[in-house]
Amino acid sequence: KVVQSYVRKIDAVVPATFDFDLSAMLYDGVHRLTLYAVNGTDTKAVAERLVFLAPRNRIKVDVSLDRTVYAPGGGVQLKIRTTDSATGKPVAATVAVTVSDDSLPPSP
């Protein structure tokens, strides 16, 4: 999904560089930037980069469990709350969680 597009015509004979402020155009997190060469109606992707924009404010992550002790192989229910650490207001976040059963031997 393209959320922002920036177009600048560059003379093919003279190498060109230009700067623009990504933080003003994109949200915090990981973004894919693609450089296209356009020739008439033909468009070709010529370079692509992943860019990480660090969060402007720190995010506090609170995790609460439904109990303190779990049986091996048992289910886990948890609640995750993310807030802006500066204001305490809830913020949207993408969170990944890994749950392990420490009673099982490690995988080879």
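What you see below is based on every heavy atom in this structure, not just the backbone, and it leaves out hydrogens, waters and symmetry mates.
Applying the side chain to side chain donor-acceptor pair (under 3.5 Å) criterion to Tyr36, with sequence neighbours excluded, gives no partner residue.
Cluster membership for Tyr70 and Ile80, using ILVMFWY side-chain heavy atoms within less than 4.5 angstrom, is shared. Under the 4.5 Å side-chain heavy-atom criterion for grouping Ile, Leu, Val, Met, Phe, Trp and Tyr, Val30 is not connected to Ile59 through any hydrophobic cluster.
The two residues Ala92 and Thr82 have their closest heavy-atom pair at C-OG1, 4.5 Å. Nearest heavy-atom pair across Thr83 and Val91 is C-CG2, 3.8 Å.
Remark: Asp66 CG is packed, more than 12 non-hydrogen atoms of other residues, nucleotides or ligands lying under 6.0 Å away.
Going from atom CZ of Arg81 over to atom NZ of Lys60 covers 8.5 Å, rounded to the nearest 0.5 Å.
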Contacts table for residues 42-55: side-chain donor-acceptor under 3.5 angstrom, sequence neighbours left out:
| from | atom 1 | to | atom 2 | distance (Å) |
| --- | --- | --- | --- | --- |
| Glu48 | OE2 | Thr34 | OG1 | 2.7 |

